[in-house]
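First comes the structure, then the notes that go with it.
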Number of protein chains: 2
Amino acid sequence: MNKIEILIIDDEPQIRKLLEIALESNEYKVWQAETAKEGIVLAANHPPELILLDIGLPDKNGHEVLKELRSWYNKSIIILSVINNEEDIVKALDNGATDYLTKPFRTAELLARIRSAIRRNQQAINNDTTLIFNELQIDLTARTIKKNNQLLKLTSTEFNLLALFANNEGRVLTHQHILKEIWGVGFQTETQYLRVFVGTLRKKIEDNPNQPKHIITESGIGYRFQ
Amino acid sequence: MNKIEILIIDDEPQIRKLLEIALESNEYKVWQAETAKEGIVLAANHPPELILLDIGLPDKNGHEVLKELRSWYNKSIIILSVINNEEDIVKALDNGATDYLTKPFRTAELLARIRSAIRRNQQAINNDTTLIFNELQIDLTARTIKKNNQLLKLTSTEFNLLALFANNEGRVLTHQHILKEIWGVGFQTETQYLRVFVGTLRKKIEDNPNQPKHIITESGIGYRFQ
DNA sequence: AAATCTTTATAAAATCTTTACACAACATTA
DNA sequence: TAATGTTGTGTAAAGATTTTATAAAGATTT
C-alpha cells in the first residue's frame with residue numbers, strides 16, 4: 001500500500017525537521033522544499049496529496065506561491081504562518097488555501113487538520129467529479145471518460161453531450177432541450193446534429209452500437225441515458 | 001453517495017468561513033460567492049439544493065438578487081440578515097424566500113432550518129413528478145413508466161395517453177375528450193385510433209390484457225383508469 | 001495538415017393510420 | 001322463439017408516413 005504524500009515548503013530547517021518527524025511517524029511520505037521555486041517544481045513533477053506552505057518565504061511572497069499553485073493544483077494546501085494575522089489568513093483562504101495554522105502549533109492539531117483536509121480531497125474525488133455507470137467512469141471536471149478503466153478520446157462536443165446525459169440519468173431529454181443545452185438557443189431545430197453526435201458517442205461508449213445499452217432513443221421525443 | 005450542495009452568497013469572509021465549517025462538518029458540500037453577481041453565476045452553472053443569501057450585499061440589493069434568482073431557481077433560499085427588521089423579512093418572504101435567519105445566529109438553529117428546507121425540497125420533487133398505482137410507477141417529467149420496478153418501453157403517443165389517464169384516475173373520459181387531448185381538435189371521430197392504442201397499452205401494462213384492471217372500458221362512452 | 005463540426009443523401013427502423021374481420025351485446029322481426 | 005340485423009369493441013396486420021441511423025462529402029477551426 002502506498003503512503004500518502006505530503007510536500008513541505010518552508011525555509012526553516014528546524015520546522016522542516018519537526019514536521020518530517022511528526023508526519024513520517026504517522027505513515028505519511030514527506031517531500032521537502034526550502035524555497036518557493038523548489039517547492040513549485042517538486043509539486044509539479046510529483047503532485048502530492050497535500051501541501052504545507054509557509055507564508056513567510058524568503059524568495060517569494062507566500063500569497064504569490066499560493067496563487068501560482070492554485071492555478072493548476074486542486075488538492076489541499078494548508079498555510080503555516082508565524083503571525084496570527086487575520087487579514088493574512090483571510091487573504092490566503094480567499095486565494096484558495098484549504099486551511100491554516102499559526103506557529104507555534106501543536107502536533108496533534110496539525111495532524112487533525114491534515115487528516116480532515118485529505119478526507120475532503122478524497123470525498124471530492126468520489127463525489128463531485130466522477131459519475132459511474134457500470135463500465136463507464138465519467139470525470140466531469142477532468143473531462144475524461146474511462147470504459148473498463150481504458151481512457152476514451154472524445155471531442156469537446158461529444159463530452160458535453162455525454163455529461164448532459166450523465167447528469168440526467170434515467171430521464172427522457174427532448175431533442176429541443178438537448179440542443180438548447182449543448183448548442184444554445186436557436187439550434188432547437190437542428191435535430192440532425194444530435195443524430196450524428198449520438199451516433200459517434202454510441203460508437204465510442206457502447207459495446208454494441210446497434211443495440212445501445214446506455215443512450216436509448218425515445219422515438220419522436222429524444223434520448224434517455226441509463 | 002453525493003453530498004447535498006449549498007451555496008453561500010455573503011460578502012463577509014468570516015461569516016462564509018463560519019458557515020463553511022458548520023456545514024462541511026455536517027456533510028454538506030459548500031459553494032461560496034462573495035458578490036451578488038458571482039453568486040448568480042455560480043447558482044446558474046451548478047444549481048445547489050439550497051442557497052444562503054445575505055440580504056446586505058455591497059454590489060446589489062439583496063432583494064434584487066432574490067427576485068432574480070427566483071425567476072428561474074425553485075429550490076430553497078434562506079435569507080441572512082444583520083438587522084431584525086420585520087419589514088425586510090416580510091418583503092423577502094413575499095419575494096419567494098423560503099426562510100430567514102438574523103445574525104448573529106446559533107449554528108444549531110441554522111442547521112435545523114436547513115434540514116427542514118431541504119426536506120421540503122425533496123418532498124416537492126417526489127410529489128410533482130411521479131404517480132403510483134399499485135405496481136405501476138409513472139414519472140411524468142422523466143417520461144418513464146415502471147411496472148414492478150421494471151422499465152417499460154412505450155411510444156410517445158402511448159405515454160401521452162397513459163399520462164392523461166393517470167392524471168384523471170377514476171374519472172370516465174369520453175372518446176371525444178381523449179381524442180381531442182391526445183390528437184387534437186378535428187380527430188374527435190377517430191375512435192378506432194383509441195381502440196388500437198388502448199389495445200397496445202393494455203398489452204404492456206396489464207397483467208391480463210383480456211381482463212384489464214387499470215384501463216376499464218365504459219361501453220358507448222369511453223374509458224376509465226384506476 | 002489534422003481534427004472537428006456541419007450538411008446532404010439515403011437506407012433502415014419505428015410508429016401511426018387504415019382496413020378487415022371476429023365477437024359480444026342487444027334489438028328487431030318472421 | 002329463433003333468426004337476423006345493428007352497434008360497439010378488440011385484435012391482427014397491411015400500408016403509409018415519420019423518425020432515426022449512418023456514411024460521407026463539404027466547411028470550418030485548430
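What you are looking at is a predicted structure, and each value in this text was computed from that prediction instead of being measured. Below, chains carry the letters A, B, ... as their sequence lines are ordered, and counting in each starts from 1.
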* To do: Classify the nucleic acid contact of B:F187 as base, sugar-phosphate or nothing, counting any heavy atom under 4.0 Å across all strands shown.
  => nothing

* Taking CD from B:Q176 and P from D:dG8, how many angstroms apart are they, rounded to a whole number? -> 13 Å

* To do: Using a 4.0 Å heavy-atom cut-off across all strands, classify B:T217 as base, sugar-phosphate, or nothing.
  => sugar-phosphate

* Asked: Quick one: is C:dC16 close enough that its OP1 or OP2 comes under 4.0 Å of any side-chain N or O from B:Y193?
  -> no

* To do: Indicate the ring-plane relationship of A:F225 and A:F165, choosing parallel, tilted or perpendicular according to the 30° and 60° boundaries.
  => parallel

* To do: Calculate the interatomic distance between A:F197 atom CZ and D:dA23 atom P; express it in whole Å.
  => 15 Å

* Asked: Any side-chain N or O of A:S219 less than 4.0 Å from the OP1 or OP2 oxygen of D:dT19?
  -> no

* Asked: For the side chain of B:Q226 and the backbone of B:K213, is there at least one donor-acceptor N/O pair under 3.5 Å apart?
  -> yes

* For A:E218 and for A:T157, find the nucleotide of DNA chain C with the closest heavy atom, then tell me which residue's nucleotide is more 5'. => A:T157

* Asked: For the pair made of CD in B:E190 and C1' in D:dT9, what is the distance, rounded to whole Å?
  -> 16 Å

* Honestly, is B:K29 close enough over B:W31, meaning NZ or CZ under 6.0 Å from the six-membered ring centre and within 45° of the axis? -> yes

* Structure fact -> From the list B:I4, B:I114, B:I6, B:L7, side chain to side chain contact (heavy atoms under 4.5 Å, CB included) with B:E49 holds only for B:I4

* **Phosphate-side-chain proximity, A:N210 and C:dA13, N/O vs OP1/OP2 below 4.0 Å** => no

* For A:V196, answer base if it contacts any base atom (sugar-phosphate contacts may also be present), sugar-phosphate if it contacts only those atoms, and nothing otherwise; contact means non-hydrogen atoms under 4.0 Å. => base

* Asked: Would you say a side-chain N or O of B:Y223 is under 4.0 Å from OP1 or OP2 of D:dG10?
  -> yes

* Going by distance alone, is a donor N or O of one side chain under 3.5 Å from an acceptor N or O of the other, for A:E169 and A:H214? -> no

* Under 4.0 Å between a side-chain N/O of A:R202 and OP1 or OP2 of D:dA21, yes or no? -> yes

* Below 4.0 angstrom from OP1 or OP2 of C:dT17, is there any side-chain N or O of B:W183? -> yes

* To do: Verify the contact: side-chain N or O of A:T155 to OP1 or OP2 of C:dC5, cut-off strictly under 4.0 Å; return yes or no.
  => yes

* To do: Look through every strand shown and name the nucleotide pairing with D:dT29 as Watson-Crick or G-U wobble, where both distances are under 3.5 Å.
  => C:dA2

* Asked: Looking at A:R224 and A:E218, does any basic side-chain N land under 4.0 Å from a carboxylate oxygen?
  -> yes

Would you tabulate the pairs of protein nitrogen or oxygen atoms and nucleotide nitrogen or oxygen atoms of nucleotides 27-30 of chain D closer than 3.5 angstrom?
none

* Structure fact -> Separation of C:dT4 atom P from A:I182 atom CD1, nearest Å, is 17 Å

* To do: Mind calculating the distance between CZ (B:R195) and P (D:dT7) to the nearest angstrom?
  => 13 Å

* To do: Look at the side chain of B:Q192 and decide which nucleotide, out of C:dT7, C:dA20, D:dA21, has an atom nearest to it.
  => C:dA20

* Asked: Taking CG from A:L179 and C1' from C:dT6, how many angstroms apart are they, rounded to a whole number?
  -> 13 Å

* Searching all strands shown, indicate the nucleotide that pairs with D:dG5 (Watson-Crick or G-U wobble; both distances under 3.5 Å). => C:dC26

* Do A:R171 and B:D139 sit within salt-bridge range, that is, some charged N less than 4.0 Å from a carboxylate O? -> no

* Decide if atom CD of A:Q176 counts as having more than 12 heavy atoms of other residues, nucleotides or ligands within a radius under 6.0 Å. => no

* B:N160 has an atom CG; how far is it from atom P of C:dT15, in whole Å? -> 13 Å

* To do: Give the rounded distance in Å between these two atoms: CD of A:Q211 and P of D:dT20.
  => 19 Å

* To do: Give a yes/no on whether any side-chain N or O of B:H175 is located under 4.0 angstrom from OP1 or OP2 of D:dG8.
  => no

